Participant: 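I'd like to ask you about the structure that follows.
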Amino acid sequence: MLEIKDLHVHYGVIHALKGVSMQVEQGEIVALIGANGAGKTTLLHAISAIQKKSGGEILFEGTSLNKANAKKIVEMGITQVPEGRRIFSGLSVYENLLMGAFLRKDKEGIRQDLQNVYERFPILGKRSAQDASTLSGGEQQMLAMGRALMARPKILLLDEPSMGLAPILVKEIFRIIQEINKQGTTILLVEQNARMALAVCDRAYVMETGNIVLSGSGEELSRSEQIQKAYLGG
Ligand code: ATP
């Protein structure tokens with residue numbers, strides 16, 4: 001579904017991605033783990049065309065994204081949930097959710113998807129009229145995910161969804177990610193919480209300083225001594 005071939009990104013003289021290749025198949029949850037600064041966010045930004053590539057190619061359903069802008073990429077079915085949620089304060093929960101559907105014109109479909117989001121995240125229904133900035137961290141993550149679902153994505157790119165959340169909420173967010181996936185949305189998940197990411201994913205890639213250094217099934221990587229030492233504290 002998503003194929004990344006020999007991708008390079010530079011920030012001035014900093015070579016942040018040094019020839020990254022990876023794939024995500026339809027229906028999978030694929031995790032991308034790695035330390036701070038490894039290049040995970042940069043990879044998501046390159047897919048979303050927020051960040052310019054300096055080399056390589058990204059294909060989505062067989063079509064090159066090289067000439068697509070950020071808007072076109074959302075229209076094609078790729079939606080990113082940014083690190084730090086980036087919800088719109090001063091707007092209500094409901095208005096934030098509608099922002100996720102800003103490229104759509106199918107009013108009935110939007111109404112239906114709003115209902116679906118309220119069913120998946122009942123707390124957002126209860127707080128729909130409330131200013132989004134008054135939500136807790138976990139609720140804001142749910143809002144960011146609900147807003148992304150309002151674009152009816154084929155693939156959801158999640159950047160550190162568990163960041164800053166209490167352990168019980170981390171579990172809840174990962175449970176919801178699995179549920180969204182079961183209902184047909186493919187997931188590319190960037191996480192520093194390697195333990196949880198490897199537990200829920202089908203496959204994972206490990207990134208270090210701009211390169212993919214290891215890949216395998218979640219189970220294989222959880223058992224790998226190298227991964228246990230570097231990422232699982234064991
Ligand atoms: P984190 O989990 O901390 O977000 P990451 O794995 O997502 O880490 P990136 O944010 O993609 O890593 O950063 C990769 C490298 O590129 C780092 O060395 C970072 O300092 C650098 N970098 C990222 N954004 C910029 C920028 N806008 N300008 C210059 N350098 C940047």
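Note that the numbering runs from 1 along the sequence shown for the chain. We count ligands from 1, going down the list as the structure has it; atoms in each ligand are counted the same way. Quick note: numbers below take in every heavy atom, side chains included, and nothing from hydrogens, waters or symmetry partners. Since the structure is predicted, the reported quantities are computational estimates derived from the model, not experimental observations.
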Participant: In this structure, are over 12 heavy atoms from other groups packed under 6.0 Å from Glu57 atom CD?
Facilitator: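 Enclosed: over 12 neighbouring heavy atoms sit under 6.0 Å from CD of Glu57.
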Participant: Measure the shortest side-chain to side-chain distance between Ile58 and Lys53 over non-hydrogen atoms and say whether it is less than 4.5 angstrom.
Facilitator: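 Answer yes - side chains close enough.
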Participant: Which protein residues come within less than 4.0 angstrom of ligand 1, counting heavy atoms only?
Facilitator: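 Contacting ligand 1 under 4.0 Å are Tyr11, Ile14, Ala16, Ala35, Asn36, Gly37, Ala38, Gly39, Lys40, Thr41, Thr42, Glu83, Glu160, Gln192.
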Participant: What heavy-atom pair brings Asn193 and Ser162 nearest, and what distance separates the two atoms?
Facilitator: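 Closest pair (atom of Asn193, atom of Ser162, distance): CB-OG, 3.8 Å.
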Participant: Flag the pair Ile187 / Ile180 as yes when at least one side-chain heavy-atom distance between them is below 4.5 Å, and no otherwise.
Facilitator: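 Result yes, sub-4.5 Å side-chain heavy-atom pair found.
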Participant: Is it the case that the side chains of Thr41 and Asp159 hold a donor-acceptor pair, with the cut-off being a distance below 3.5 Å and no angle test?
Facilitator: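 Checked: Asp159/Thr41 side chains pair up, N/O donor to acceptor below 3.5 Å.
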Participant: For Tyr205 versus Gln23, what's the shortest heavy-atom pair and its separation?
Facilitator: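 Minimum heavy-atom contact is OH-N, 3.1 Å.
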